[in-house]
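What follows is a set of notes on a single structure, which appears directly below.
Atom set for the values below is all heavy atoms of this structure, side chains included, hydrogens, waters and symmetry mates excluded. Below, chains carry the letters A, B, ... as their sequence lines are ordered, and counting in each starts from 1. What you are looking at is a predicted structure, and each value in this text was computed from that prediction instead of being measured.
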Amino acid sequence: MSAATKEPLLMEKIVSLCKRRGFIFQSSEIYGGCGGVWDYGPLGAELKRNLRDAWWRTMTRDRDDVLGLDASILMNPAIWKASGHVDTFADLMRECTLTNKRVRADHVDPQSGTAMRFSGAESPTGWKSARVIEALLKNGEHIESFRKRVRAFIAQNAGESAGAAELIVLLGEEKIEVVEDSVDFHPETGGRLNEARPFNLMLRTFLGPTATEADVTYLRPETAQAIFAQFKNVLDSSRIKVPFGICQIGKAFRNEVTPKNFTFRSREFEQMELEFFIKPDEAIEAVHGRVAVYAEGVDLSVPQDDWGWEMWHRYWVDQRTKFYNGIGLSTDVLDYHWQTKEELAHYARACVDILCQFPFGTEELEGIAARGDFDLSAHQKHSGKPQEFFDEPLKMAVAAWDDARRSAFVEKKLAEQRDKGAQGLPEEETRHWCERFFKGNYVPHVIEPSAGLDRLALAILCTAFCEEVKTDDKGKSETITVLRLHPRVAPIKVGIFPLLKNKPELVAKAREVHALLRKSMVCFYDETASIGRRYARQDEVGTPFGVTVDFETLGEQGPELQDTVTVRERDGGAQHRIKISDLPAWLAQRLA
RNA sequence: GCGGGUAUCGCAUAAUGGUAGUGCAUGAGCUUCCCAAGCUUAUGGCGAGGGUUCGAUUCCCUCUACCCGCUCCA
């Protein structure tokens, strides 16, 4: 992961452009806003739609092995129990008042020492804080090393304004009390913990007008769980076989602690997720005698029968990269982060983040995780409904095994699970898994490419944003703004202009051209201001082409140029003289 | 959630305890106008709520939103 140079000023310009030209507005602005949510204006709505459509086309319409789904946002809360979302965040949490670090209320180890209090702190930089600080001087700890620790945490919290930690002066130090086995201090930092309170990042709501506790459900925190919950229905209704995928685009909601960086981290956002179900490696090996192994430079373009989870994972990283390249995010603004063993969730085998360079840093656009059979198995267990796929070739292959080979297979599985320790399956479940496997049944594994649509829209805007200083003949220079959007995602494809608006013939002809083109693409007709200004307006919103109707179009320079128009390119400003009748095809070719 | 900062027409900015100004943008008009041209003209603003005051955009308090740094990010 490269540390991109942060450019807060650039971000401000982009935010300003987004508002000025109708891409993105603050939600509920006339009432003072609403934290962490944003609205898309006319051009933003088109941009987002183009991105959404491009994803949908690439992921399902252009493929034989991925099907679409459009599930509801509200679901049975049991889904969030099964997925682990409810439990993970239903805990009571306490925060350290010194560092704001959070701990589970029931996970605080008792400590002994002397509780100390400071009335505030100040620094030679002029920074001052009147916040009362309480922390535990642990038994045996030297008072100076204690003070040093407190200063370091204060400096960290205060940011740049407080300056160096060692220069901070602690004010009004006093001993409060000697404590024995207290659970009111953070086990690592020693800071006083505040009151315990529930911490849930899911948005709670009530399904049904009585709004009692029995009606509680949640706005989905991710779209993926609906795909798992409908896995069997899609499988049974679509005559499709593993490997195959189910994809979905939709809103998701999270009570983010800190929404930030414009639309990048919002509380309401749109996700584009694919769950691609694959055979377990054991099934590949049973049928094909081997599992293909990834090696640098191996061909990932066409899926093969002997691919296990690793190849499929690599395949999707490759596919997703090609998608981004195709809508204007070139390889030089993208980056990859392969999560380390420590970062991975316990059920995940691998996870790659595809990152993009934003003005505020290099941040995640998409995560592609190999999640094993964790999700479907969890739903199978919680719902009591089988989530298995019956694999005919597997059944045939295993039918040929003798008893010795079967028991060796079982022993090997048991050993694998034992090696995983607490994370491994109990012996009984492993034996059951093997039994089902021998009959050709298994819970498919899954590769999950999960992307944020709002993040993508922001990435597209940020990377397209371009300022140029232009100097005219008189030496007067000004800064012009161009959005170099890929024609495929640009909200407006072509601007149509009569050279002058006070000549009815020009206006009529331009309106004709507009009527012709709007049938196949988003157009913008503009007859006000000078022609240069109209070009500039379109440049600023990323319109790739401009069409100008002039006096030659009307035949003033003879029949040669009659019914031709000037087509002007946004990037480079090159002009072409094109027959009106050829325009739709000429433009369509360049917008594909 | 903590600390720091910001809030003035759509955008960018100025000044002020006493009728809030400018540039750009926007609307109307003139112009044979191909890269933000010129001229005329119009619309439009002190984030919300309290307090101090004869009078508050300005001073004080509270709230809200946004930005930066921590923190969080299934």
To the nearest Å, how far apart are A/F360 CZ and B/C67 P?
10 Å

Quiz question: going by heavy-atom distance under 3.5 Å, is there a donor-acceptor pair between the base of B/C35 and the side chain of A/R568?
yes

Counterpart residues, ring pair (Phe, Tyr, Trp, His ring centres under 6.0 Å), relative to A/H379 (two or more places apart)
none

Can you measure A/K13 atom NZ to B/C66 atom P for me and round it to whole angstrom units?
23 Å

Is NZ or CZ of A/R568 both nearer than 6.0 Å to the six-membered ring centre of A/F545 and within 45° of the ring axis?
no

Between B/U32 and A/K503, is there an OP1 or OP2 to side-chain N/O distance shorter than 4.0 Å?
yes

Is a donor-acceptor contact shorter than 3.5 angstrom present between the side chain of A/D550 and the base of B/C33?
no

Could you give the CD-to-C1' distance, from A/E527 to B/A28, as a whole number of Å?
12 Å

With heavy atoms under 4.0 Å as the rule, sort A/D539 into base, sugar-phosphate or nothing.
nothing

Can you check the distance between B/U58 and B/U52, where both ends of the measurement are the P atom (answer in whole Å)?
14 Å

Any side-chain to backbone donor/acceptor pair from A/R570 onto A/L485? Under 3.5 Å, distance only.
yes

Under 4.0 Å, heavy atoms only, any strand: does A/R254 hit a base, just the sugar-phosphate, or nothing?
base

B/A74 C1' sits how many Å from A/K81 NZ, rounded?
15 Å

With sequence neighbours left out, write down each residue that passes side-chain contact (heavy atoms from CB on, under 4.5 Å) with A/D582, or none if nothing qualifies.
A/I578, A/K579

Separation of B/C33 atom P from A/Q575 atom CD, nearest Å, is 15 Å

What's the separation between atom OG1 in A/T548 and atom CZ in A/R577, rounded to the nearest 0.5 Å?
9.0 Å

Using the P atom as the reference point in each nucleotide, state the distance between B/A12 and B/C30 in Å, no decimals.
33 Å

Atom CG of A/L203 to atom P of B/A74: distance rounded to whole Å?
16 Å

Between B/U43 and B/U6, how far is it from one C1' atom to the other, in whole Å?
28 Å

Using the C1' atom on both, measure B/G4 against B/G55 and round to a whole Å.
34 Å

For A/F497, answer base if it contacts any base atom (sugar-phosphate contacts may also be present), sugar-phosphate if it contacts only those atoms, and nothing otherwise; contact means non-hydrogen atoms under 4.0 Å.
nothing

Would you kindly compare A/G35 and A/R265 by the position of their nearest RNA chain B nucleotide and give the one closer to the 5′ end?
A/G35

Figure out the CZ/P separation between A/F551 and B/C33, and round it to whole Å.
8 Å

Counting N and O atoms only, with roles assigned by atom type, does the side chain of A/E273 sit under 3.5 Å from a partner on the main chain of A/A224, one being a donor and the other an acceptor?
yes

Go ahead and write out RNA chain B as dot-bracket, 5' to 3': ( ) for pairs within the strand, [ ] for ones crossing earlier pairs, | when the partner sits on another strand, dots for unpaired; Watson-Crick or G-U wobble, both distances under 3.5 Å.
(((((((..((((....[..)))).(((((.......)))))....(((((..]....))))))))))))....

Under 5.5 Å centre to centre and under 30° between planes: does that hold for A/Y535 and the six-membered base ring of B/C34?
no

Quote, to the nearest angstrom, the P distance that separates B/C46 from B/A7.
15 Å

Tell me every residue that passes ring pair (Phe, Tyr, Trp, His ring centres under 6.0 Å) with A/H382, counting only those two or more places apart in sequence or in another chain.
none

P gap between B/G5 and B/C60, integer Å:
13 Å

A/N502 side-chain N/O to B/U32 phosphate OP1/OP2 under 4.0 Å
yes

What is the nucleic acid contact for A/Y347, judged by heavy atoms within less than 4.0 Å: base, sugar-phosphate only, or nothing?
sugar-phosphate

Exam field: side chain A/K493 to backbone A/P487, donor-acceptor pair closer than 3.5 Å
yes

Between the protein and nucleotides 6-13 of chain B, which nitrogen or oxygen pairs are less than 3.5 angstrom apart?
from, atom 1, to, atom 2, distance (Å)
B/G10, O3', A/K19, NZ, 3.3
B/C11, OP1, A/K19, NZ, 2.5
B/C11, O3', A/S16, OG, 3.1
B/C11, O2', A/S16, OG, 3.1

Residues 34-43 of chain A, side-chain donor-acceptor partners within the protein, below 3.5 Å, at least two apart:
from, atom 1, to, atom 2, distance (Å)
A/W38, NE1, A/F262, O, 3.2
A/Y40, OH, A/D454, OD2, 2.7

For the C1' atoms, the ones on B/C66 and on B/G18, what distance do you get once it is rounded to whole angstrom?
32 Å

What distance, rounded to whole Å, do you find between the two P atoms, one in B/A56 and one in B/U19?
12 Å

Shortest side-chain distance from A/E556, nucleotide among B/G27, B/A74, B/U32
B/U32

Specify the separation, in whole Å, of atom CD of A/E222 and atom C1' of B/A74.
7 Å

Assign A/T481 to base, sugar-phosphate, or nothing according to its heavy-atom contacts below 4.0 angstrom with the strands shown.
base

Within 45° of the six-membered ring axis of A/W316 and under 6.0 Å from that ring's centre, is NZ or CZ of A/R320 located there?
no

Which of these, A/R21, A/R534, A/K13, sits in a salt bridge (Lys or Arg N to Asp or Glu O under 4.0 Å) with A/E540?
A/R21

So if I take every side-chain heavy atom of A/K260 and compare against B/U26, B/G69, B/C33, which nucleotide ends up nearest?
B/G69

Salt-bridge test for A/E268 and A/K251: reply yes if a basic N is under 4.0 Å from a carboxylate O, no otherwise.
yes

Have a look at A/G572 and say if it touches a base, only the backbone sugar-phosphate, or nothing, with a 4.0 Å heavy-atom cut-off.
nothing

Start at the 5' end of RNA chain B and walk down; is the nucleotide closest to A/K501 or to A/F253 reached first?
A/K501

